[in-house]
Amino acid sequence: MTERHILRIHFHLPDTSDADVYERLVEQLHGISPRTQALPPADADCDVTGALRYYGRTPYELAQLIQLRALALYGIATTIGSAGNRMLAAMAADATAPGGISHLDNSPEAIAGFLRPRPIGALYGVGPATANLLARHGLHTIGTAADTPPGTLQRLLGKTHGRLLHERARGIDDRSVVPQATARSCSADHVFDRDELDPDRHRQALLGLTEHLGTILRTERQIVRRLTLTVRYADRTATVRTRTLTEPTHHTAALTRAAYDIYATLGLQRARVRGIALRAEDLQPAERATTQLTFDPGDDKRRRIEAAADKARARFGPAAVIPATTAIPGTPGPCRSYE
DNA sequence: TCTGGGGTCCTAGGACCC
DNA sequence: TCTGGGGTCCTAGGACCC
């Protein structure tokens, strides 16, 4: 593989900043290299391999240019790590003082010098649980993990994690920067004003969520194959249930039936519910939908109403049509996630 | 610096089929 | 006819990133 040059950019966004400031900053990066992947809410990865030649600059100089632009145009400070792959760039950024730039040379010596002395928990993919487990086996630094045979790591962590840990401890990370990644999932949630015990109000909230998700999915021409319901309780615990749909869909009626179904399997008895979230997972292009075999005339009518409502929303805005039964203050917040 | 929550990936185990 | 191993699909839950 030819040598790559990756930047991890962290924007120091004030809490009060507009949501679209971040989007405009990412747009700026696109101008420097189209191979830019947004990592909301405040980061981005930028593959500048091709941009180096175009601009005739080193990675460090490009990082300076990015810092200058963000500061001059938006008054936003940035911290940037520069390295030969995404993991090293992210780790370099982590090890950099706010507002600084770190460039990690791509030589094996420089990479080993950077990685080996660091605590194992500093490695990408190693959280507190894994770090603890490894420490119990005497592996405290990234260097010791790099020297451990892959088979040993795999016995400790499982096949995939063991292999990845061994590669990463040696500075290897093949993940590419994926611009414009398509959404993997899409979710909506509802928080009750006070802990809610009434199942009717739970279902009412669910209806608002399926209505909302259905609208997003139809707008984006996607269908969903899996639904996950999360119910949060007053004691801060939660129940999570996933259901694979018999047929991928983006129709609100089908989503509502599935959501009510999952809700019913919980068998809640006077549970103090704080909030309900619904996630549409395993999204696919709507063109892939199999032919609808349902000839329920009620469904057909609901879909015509749904199509009319979508049109009204497109013309007059999202609040134009709201199901009469969803008398819920506040609109559920959409949340798109990108890989 | 710490915390929390949303999103993603992985694994284990069960059900089912061949 | 019975058994068992290997796929595949699905769900719950754990772990991690940000």
Side-chain angles (χ1 to χ4, degrees), chain A residues 8-13 15 19 22 25-26 37-45 78-81 85-98 119-135 153-165 167-169 173-175 177-178 181-191 209 212-213 216 224-233 235-248 258 261-263 265-267 274-283 332-339:
Chain A
R8 159 63 60 91
I9 298 104
H10 174 75
F11 299 111
H12 296 273
L13 298 168
D15 292 339
Y22 172 72
L25 286 162
V26 172
Q37 180 172 345
L39 303 169
D43 294 75
D45 275 353
T78 52
T79 303
I80 301 181
N85 63 46
R86 296 185 64 185
M87 174 189 77
L88 291 171
M91 290 179 69
D94 275 350
T96 306
I120 189 71
L123 193 63
Y124 179 80
V126 178
T130 307
N132 263 325
L133 175 72
L134 294 172
L153 297 176
Q154 288 183 321
R155 276 193 294 281
L156 288 176
L157 302 173
K159 216 169 131 193
T160 309
H161 277 136
R163 180 179 56 80
L164 284 175
L165 175 70
E167 287 179 1
R168 287 168 176 168
D173 175 21
D174 289 335
R175 292 172 306 146
V177 176
V178 186
T182 51
R184 294 291 188 86
S185 70
C186 141
S187 72
D189 70 298
H190 177 86
V191 179
L209 298 179
H212 185 71
L213 285 181
I216 291 177
V224 53
R225 219 174 76 86
R226 243 179 18 233
L227 267 190
T228 293
L229 173 70
T230 303
V231 177
R232 297 193 182 286
Y233 307 103
D235 64 359
R236 307 177 73 81
T237 60
T239 309
V240 183
R241 287 292 176 274
T242 300
R243 168 78 49 97
T244 300
L245 305 180
T246 47
E247 185 176 44
D261 226 42
I262 306 173
Y263 175 80
T265 65
L266 297 182
R274 183 152 294 177
I276 294 181
L278 199 62
R279 167 190 311 287
E281 297 171 333
D282 208 343
L283 303 184
C335 181
R336 313 287 288 159
S337 70
Y338 299 88
E339 198 211 359

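Side-chain atoms are counted along with the backbone in the values below, which use heavy atoms only and exclude waters and symmetry mates. Protein chains get the first letters and strands the later ones, always in sequence-line order, with residue 1 at the start of each.
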Can you give the dot-bracket line for DNA chain C, where a pair is Watson-Crick or G-U wobble with both atom distances under 3.5 Å, crossing pairs use [ ], and | marks a partner on another strand? ....||||||||||||||
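Between B/dG5 and A/R232, no contact under 4.0 Å exists linking OP1 or OP2 to a side-chain N or O.
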Counting primed atoms plus P, OP1 and OP2 as sugar-phosphate and everything else as base, spell out the protein contacts along nucleotides 8-18 of chain C at 4.0 Å heavy-atom distance: B, S or - for each nucleotide, 5' to 3'. --SSSS-SSSS
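At a threshold of 4.5 Å between non-hydrogen side-chain atoms, the residues A/L245 and A/R225 do not count as touching. With contacts defined as side-chain heavy-atom distances shorter than 4.5 Å, the pair A/R175/A/N85 does not qualify. A/H190 has its side chain out of reach of A/L278: every pair of non-hydrogen atoms, C-beta onward, lies at least 4.5 Å apart.
A/Y22 and A/D43 make their closest contact through OH-O, 2.6 Å (heavy atoms, listed as atom of the first residue, atom of the second, distance).
Not one N or O on the side chain of A/Y124 forms a donor-acceptor pair closer than 3.5 Å with the backbone of A/L88. Judged purely by atom type and a 3.5 angstrom limit, A/E281 has no side-chain atom pairing as donor or acceptor with the backbone of A/S185.
A salt bridge is defined here as a Lys NZ or Arg NE, NH1 or NH2 lying under 4.0 Å from an Asp or Glu carboxylate O, and A/R86 with A/D173 fails to meet this definition.
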Please determine whether side-chain contact (heavy atoms from CB on, under 4.5 Å) holds for the pair A/R279 and A/T242, giving the CA-CA distance in whole Å, both sets of side-chain angles, and the decisive distance to 0.1 Å. CA-CA 9 Å; A/R279 167 190 311 287; A/T242 300; over 6 Å; no
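The nearest whole Å value for the distance from the CG atom in A/L278 to the C1' atom in B/dG5 is 17 Å.
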